Structure formats: structure tokens, C-alpha cells
Amino acid sequence: MNYKSTFKPLLDFIAALAIVIVLSPVLLLTTILLFFANDGKPFFLQKRPGQHEKNFNIIKFKTMNDKTDFEGNLLSDTERLTTVGKIIRKTSIDEIPQLFNVLKGDMSLVGPRPLLPRYIPYYTSIEKRRHDVKPGITGLAQVNGRNLISWDNKLKLDVEYVENISLKLDISILFKTINKVLKSKDLIVDPSLVQPALDTLRKQQVNES
């Protein structure tokens, strides 16, 4: 049986279903808390490129409000991050609804993280290989520094994962993820404070070259 095309999708579905059942009390309680904290909007949906750059709606718990400035522009992520949202991000609970993306077949438990569609024109031809597989809730880059490593290193690890997918590697990444979540290691509540968005960074690099 081929792991990548057959066993991995089956394992994703069974594991995601089991985790949803086990974590259902956490899902329900968080949904209720965010329903009241975010004016009836507990979930955040956003288009992200999946396998072969096909867009899908990623589901996350909503950790930021929709406040705008006097011109109607959204405030910065830091200004919109709610108190409840900070706690949820710090515990990585905001990522749990992505299990429904796994059940639907849009995502895998392990794979390159689904980033913003606007980044696609700024990938190199090699980096675009990150879209050869389904995106994941966690990945090789997430257990090797997460938001503390540079974009170049993060995308390099994504491609390394694509080229070396195996059951052994996925199990290793899952155990390392659990360890990091329990210790809140390499966690940045607001990544925009650490480094610029990929498109912004690469535009700067072009202008400086």
C-alpha cells in the first residue's frame, strides 16, 4: 500500500475524527466563549491555497475583532487581537477547527502550512513544490522553529518534507508538535511582530537588489 496516496489520507481521516470526538468539550466551550466575545462570530474562514494551489476555506477560531480606522481600513493584527484570542493562540486551540478541513479532505494532519494566496507569485519554482501535497495542521517547519525561523528556511523545510514524506516522518512531526504545544515552545502570539509578510519581504529584497 502506497503511504502518500492511500494510507496517509485514511490515517488523516481516522485520526482527525478521533481527535474531534476527544476534544469536543474544548471545541464546544471555546465556540461559546468566542460567540459572546466576537459578536456571534466564533469562527474565522479564509481562502488558502491547498494541493496544486487549489483554494479552499480554512477554518480557525476567530481570535481578532473586525475593528477599523476612520477610513474603514482594518487595524493591525496586534490592535485587533482580543484578550480571549491571545489565550486561545497561546494554547494553539485556534488551530483545532482545521480538523474539519482534514475530515473534508482539504488538509492533512501533517504538511506544509497553508499560507496566503497572495504569496504564490513570490515563491521560487522550487518553493512552489510545497503545493504538491495537501497542506497540514502542523509540518516540518513548525517543529523546527515555527515563526522564529526565516521565510527562506521555512519554505526550504516545506520542500524537504514534500521530498521525504513517510509514515515515520509524519509520526515524528506529530509527537514533536504535541511536545511543543504542551510546552508552548516557539510560539509567537502575533507573528507580524517578528518578521514581515512574505510578499512584503520579497518586494523589499527586489528593490534592494
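The first residue in the sequence is number 1, and the count goes up from there. Keep in mind it's a predicted model, so treat the numbers as computed, not measured.
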Let me confirm one number: the [atom1]-[atom2] distance from [X] to [Y], rounded to the nearest 0.5 Å.
X	Y	atom1	atom2	answer
Leu198	Ile120	CG	CD1	11.0 Å
His52	His131	NE2	NE2	11.5 Å
Gln46	Ile59	CD	CD1	13.0 Å
Leu140	Leu157	CG	CG	5.0 Å
Thr177	Leu182	OG1	CG	10.5 Å
Leu34	Thr30	CG	OG1	6.5 Å

Can you give me the closest heavy-atom contact between [X] and [Y], atom names plus distance?
X	Y	value
Leu115	Pro49	O-CD, 2.9 Å
Lys86	Leu81	CG-CD2, 3.5 Å
Pro25	Val22	CD-O, 3.5 Å
Lys60	Pro97	C-CG, 4.0 Å
Leu45	Asn57	CD2-CB, 4.3 Å

- If the plane angle is over 60° it's perpendicular, under 30° parallel, otherwise tilted; pick one for Tyr119 and Tyr123.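 Perpendicular, since the angle between the ring planes exceeds 60°.
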
- Query: Between the side chains of Gln205 and Glu208, does any donor sit under 3.5 Å from an acceptor?
  - Reply: no

Carboxylate-amine/guanidinium contact [X] [Y], below 4.0 Å:
X	Y	result
Asp66	Lys41	yes
Glu127	Arg202	yes
Asp94	Lys90	no
Arg89	Glu95	no

Using the side chain to side chain contact (heavy atoms under 4.5 Å, CB included) criterion, which residues pair with [X]? Sequence neighbours excluded.
X	value
Pro135	Phe56, Met107, Pro114
Phe175	Ile171
Glu71	Asp69, Asn73

Look only at the side chain of [X] and the backbone of [Y], and say whether a donor-acceptor pair between them is shorter than 3.5 Å.
X	Y	answer
Glu79	Thr68	no
Arg130	Arg113	yes
Arg80	Lys67	no
Thr91	Ile87	yes

- Item | Contacts of Phe43 that satisfy ring-ring contact (aromatic ring centres under 6.0 Å, His included) - sequence neighbours left out |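 Here the qualifying residues are Phe61.
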
- Message: Tell me if the aromatic rings of Tyr122 and Trp151 count as close, with their centers under 6.0 Å from one another.
- Response: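 Between Tyr122 and Trp151, the centre distance exceeds or equals 6.0 Å.
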
- So which pairs with a foot in residues 31-40 pass side chain to side chain donor-acceptor pair (under 3.5 Å), sequence neighbours left out?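 Of all non-adjacent pairs touching residues 31-40, none passes side chain to side chain donor-acceptor pair (under 3.5 Å).
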
- Among pairs that include at least one residue of residues 6-19, which meet salt bridge (Lys or Arg N to Asp or Glu O under 4.0 Å), considering only residues two or more places apart or in two chains?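 The answer is Lys8-Asp170.
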
- Query: Is the number of heavy atoms from other residues, nucleotides or ligands under 6.0 Å of Lys156 NZ greater than 12?
  - Reply: no

